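Numbered from 1 within each chain, the chains take letters A, B, ... in sequence-line order. Here the structure is a predicted model, which is why all the values come from computation and not from measurement.
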Protein chains: 2
Amino acid sequence: MKRTSILDLARLLSLNPSTISRALNGHPDISDETRERVRTAAATFQYRPNLQARYFRNKNSGLIALILPEMNMFFVPGLMNGVNEALKNSDKSVIIFISDNDPEREKEIIGHCLSWMVEGVLISLSDSTNTLSHLMPLKEAGIPVLLLDKIIESPDFSTLSIDDSDAARLAVTHLTNKGLKAILGIFGHENLIMTRQRMDGFKDALHQSNISFSGYDTLTLNTQDNFEQNLENRLRSTPYDALFVMSDELLMLSLPVIQKLQLYPASLKIVCISDGTLPHRIYPPVTHILHSGFDIGKSGAILLLEMMKGQTITFHKKLSVSLQIAEPNP
Amino acid sequence: MKRTSILDLARLLSLNPSTISRALNGHPDISDETRERVRTAAATFQYRPNLQARYFRNKNSGLIALILPEMNMFFVPGLMNGVNEALKNSDKSVIIFISDNDPEREKEIIGHCLSWMVEGVLISLSDSTNTLSHLMPLKEAGIPVLLLDKIIESPDFSTLSIDDSDAARLAVTHLTNKGLKAILGIFGHENLIMTRQRMDGFKDALHQSNISFSGYDTLTLNTQDNFEQNLENRLRSTPYDALFVMSDELLMLSLPVIQKLQLYPASLKIVCISDGTLPHRIYPPVTHILHSGFDIGKSGAILLLEMMKGQTITFHKKLSVSLQIAEPNP
DNA sequence: AACGTTTGTGCAATCGTTTGTTGTGGATAA
DNA sequence: TTATCCACAACAAACGATTGCACAAACGTT
């Protein structure tokens, strides 16, 4: 029942374990004949390297940690696909942790990463994390860290994200350019930096068009209690021209209300920031700023692999965003 | 820059490494005084156990492999949340693999699991996998395997899923009970066992109600080419009363067509098999058979932990499904 | 006072793999 | 012939943590 080890093969072939190891790893010191003997023996006895032993000896782990605040339907699956795509031809495996948006848990997870000697960390911060101090042990251990999407900029850690305020500005400007003025902005939790930045872009775009911004023109999801009801009340009481929706999740939440009131597309335009899936599942398709989890995941993993090779300096990279217009030209 | 090891602590406190190890692990042989000395030293020097070394020595890994055919928006995120929920108070970590629906890749992944000495495997099969022979090495190595959702029943491996044909039958019967007769069934890839079983349930329900089943009353997604157009043509040419949709993905794909033709809810009823998210984001909500990724993930992980403890016999467990009625009573 | 028991710690081996160094026989060059 | 070099393989140590066993000191028992 015991699995065959290098030692077993060595005994079998009357060779030294070191020779087996080198033969299997294609070391040039080994003669072609021996290498073949070893390879066939390994194959017939179904030898499998013990990665625990190997990585232990080599002081690494072949693991990349992916730390996420939560699972959701849109961004995260795309992100994971992207990471998977970038890593599938490497010899790295992904060990996944979900912080459940709990900074304490996030800190614990960092500890696990250290104990596991992960070779790199991709992390999207939990909503209420407002400092990067808990990541310092990783830096001290020389483990590359790349913050993805939900980030805090700091001189200590590299980040990859989109320009959130720019994305929002672009989206809202598309509405104001069409002469729409009564615009309701729908946003997520206010403690999220991403929310504040997108709100900045929103306000900025309104300001550019000399549209006065009042607190009444936004709806935030701070209290989970009754978003749908709130939205319905708001839409019933105010004749909005258009909706700016900050994320796919919020668009998803808004959908039944919009359908119920039958506002879209006739009397209510919509733009959102999205990975593009949901907008195309609405008829007619919804104009959106493309924010692809796949792209961030793939680019992020590739960047991380780079960081794992050389000594990279800290960077803050913004993936460029683009407006995906889905309406016929006016 | 070298991290502190048990040996370092031993030197520091003039103790033997074994004593440090025992103190840290709460072994009763160690005096309270020594234990405290060791603990404070470990804390001040930020000692972190080297899991590679520990697991290597203990011949295990603390890892549970989660093998998925693909990432999607509905089932998989829920599944992962469930797994995470069940595992968060254990000391196991999740190492994730995506087979991209490629049986060859699936086989490779099994090899990785063996090399990693994972302690258990949760696997949802790739669509075109039609045998379990590639899992045998796991069984031979004594590694518990639990097939989730996309399964093949066999005496060799345990499974956890729902009764697919039953779920479909339940859903469709709900339609026929209301006197609806012209029912279009929308299905996924035909080579999936799950599809065939749900189709069986579909046909069965029609047969029970003496509704003749013809090939024209189903639409399958075998060719990715133009599902939406096909669906639109079908709905335009035939006055269907109702739609049975096999999965959330398919409902999502069908959505723009249904909206475009403005059939729902007035002239077209819908039932589907779903995790419940999407049906509640449609107005009015869609009646569905609840098929929760979260439940399967959580139950699956709990079952796997059990299997990892004792010697469990092979089982085929079906999570019970229930009809979630979303319409007002007639 | 001699012995047994308990309590707390040290010793040493072990897990499987890798790698720097050393050794050996044969071929080549001087 | 003898010195030199090369190709190949063996030797041995190392990674960090765990654990069966040995052992010493302190105590209680007759």
Side-chain angles (χ1 to χ4, degrees), chain A residues 1-39 41-42 45-63 91 112 114-119 141-142, chain B residues 1-39 41-42 45-63 91 111-112 114-119 141:
Chain A
M1 207 53 154
K2 189 178 149 298
R3 47 194 289 166
T4 63
S5 72
I6 277 193
L7 214 77
D8 298 324
L9 294 180
R11 270 192 291 266
L12 200 83
L13 301 176
S14 307
L15 286 172
N16 191 279
S18 62
T19 306
I20 307 289
S21 173
R22 285 193 246 254
L24 257 21
N25 295 326
H27 191 107
D29 271 8
I30 305 300
S31 69
D32 292 352
E33 189 209 335
T34 307
R35 193 184 353 264
E36 266 325 292
R37 283 213 305 147
V38 171
R39 290 217 168 129
F45 287 87
Q46 303 215 67
Y47 165 75
R48 292 183 193 281
N50 181 331
L51 292 182
Q52 299 285 342
R54 162 141 73 211
Y55 287 129
F56 168 49
R57 149 80 212 212
N58 290 350
K59 294 172 169 305
N60 59 6
S61 67
L63 290 176
D91 53 351
H112 282 140
L114 255 0
S115 277
W116 266 112
M117 307 244 277
V118 300
E119 297 179 18
Chain B
M1 208 52 155
K2 189 178 150 297
R3 47 194 290 167
T4 62
S5 72
I6 276 194
L7 213 76
D8 300 323
L9 295 180
R11 272 192 290 265
L12 200 83
L13 301 177
S14 307
L15 285 172
N16 191 280
S18 60
T19 305
I20 308 289
S21 173
R22 285 192 250 255
L24 257 21
N25 294 325
H27 192 106
D29 273 6
I30 305 300
S31 69
D32 292 352
E33 190 208 334
T34 306
R35 191 182 356 262
E36 266 324 293
R37 282 212 307 147
V38 171
R39 290 219 167 126
F45 287 87
Q46 304 214 68
Y47 166 75
R48 292 183 192 281
N50 181 332
L51 292 182
Q52 300 286 342
R54 197 211 307 276
Y55 287 128
F56 168 48
R57 150 79 211 215
N58 290 350
K59 296 173 169 305
N60 58 6
S61 67
L63 290 174
D91 53 350
H112 282 139
L114 254 0
S115 278
W116 265 113
M117 307 243 277
V118 300
E119 298 178 17

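Note on Ser18(A): every side-chain N or O is 4.0 Å or more away from OP1 and OP2 of dA10(D). Between Asn16(A) and dA9(D) there is no side-chain N or O to OP1 or OP2 distance below 4.0 Å.
Across the helix from dA1(C)-dT30(D) to dA30(C)-dT1(D), the helix axis at one end is tilted relative to the axis at the other end by 60° (nearest 10 degrees, each axis from five pairs).
Against DNA chain D, the stretch residues 45-63 of chain A makes heavy-atom approaches under 4.0 Å through Phe56(A), Arg57(A), Lys59(A). Contacts of residues 24-35 of chain A with DNA chain D (heavy atom under 4.0 Å): Asp29(A), Ile30(A), Ser31(A), Thr34(A).
Residues Phe45(B) and Leu12(B) have side chains in contact (heavy-atom distance under 4.5 Å, counting atoms from C-beta outward). Taking 4.5 Å as the limit, some side-chain heavy atom of Asn50(A) sits within range of a side-chain heavy atom of Met117(B). Two residues are said to be in side-chain contact when any heavy atoms from C-beta on lie closer than 4.5 Å; Ile20(A) and Tyr47(A) fail this criterion. Trp116(A) is listed as a side-chain neighbour of Gln52(B), based on a closest heavy-atom distance under 4.5 Å.
Regarding Leu15(B), its CG atom lies at a distance of 14 Å from the C1' atom of dC11(C), rounded to whole Å. At whole-Å resolution of the value, CZ in Arg37(B) and P in dT9(C) are 8 Å apart. The separation between Leu7(A) atom CG and dT18(C) atom P is 13 Å, rounded to whole Å. When rounded to the nearest whole Å, the span between CH2 of Trp116(B) and C1' of dC15(C) equals 16 Å. For the pair Met117(A) CE and dG16(D) P, the computed distance is 8 Å after rounding to whole Å. The distance from atom CG of Leu9(A) to atom P of dA9(D) is 15 Å, rounded to the nearest whole Å.
Using a distance-only test at 3.5 Å, with no hydrogens or angles considered, a donor-acceptor pair links the side chain of Asn16(B) to the main chain of Ser18(B). In terms of modelled atom types and a separation under 3.5 Å, the side chain of Arg35(A) and the main chain of Ile30(A) share a donor-acceptor contact. Ser115(A) contributes a side-chain N or O that, together with a main-chain N or O of Pro49(B), makes up a donor-acceptor pair within less than 3.5 Å.
Ring geometry for Phe56(B) versus Phe56(A): interplanar angle of 30 to 60°, hence tilted.
Here the closest non-hydrogen pair linking Val118(B) and Ser61(B) is CA-OG, 3.4 Å. Taking all atoms of both residues into account, the shortest heavy-atom contact from Arg39(B) to Leu24(B) is NH2-O, 4.2 Å.
Residue contacts shown for Ser115(A) are absent, as no nucleic acid heavy atom lies under 4.0 Å away. Among the heavy atoms of the strands, none lies under 4.0 Å from Thr4(B).
In this structure, CG on Leu15(A) lies 12.0 Å from CZ on Arg22(A), to the nearest 0.5 angstrom.
Where Thr19(B) and Ser21(A) meet DNA chain C, the nucleotide closest to each residue was compared, and Thr19(B) sits on the side nearer the 5' end.
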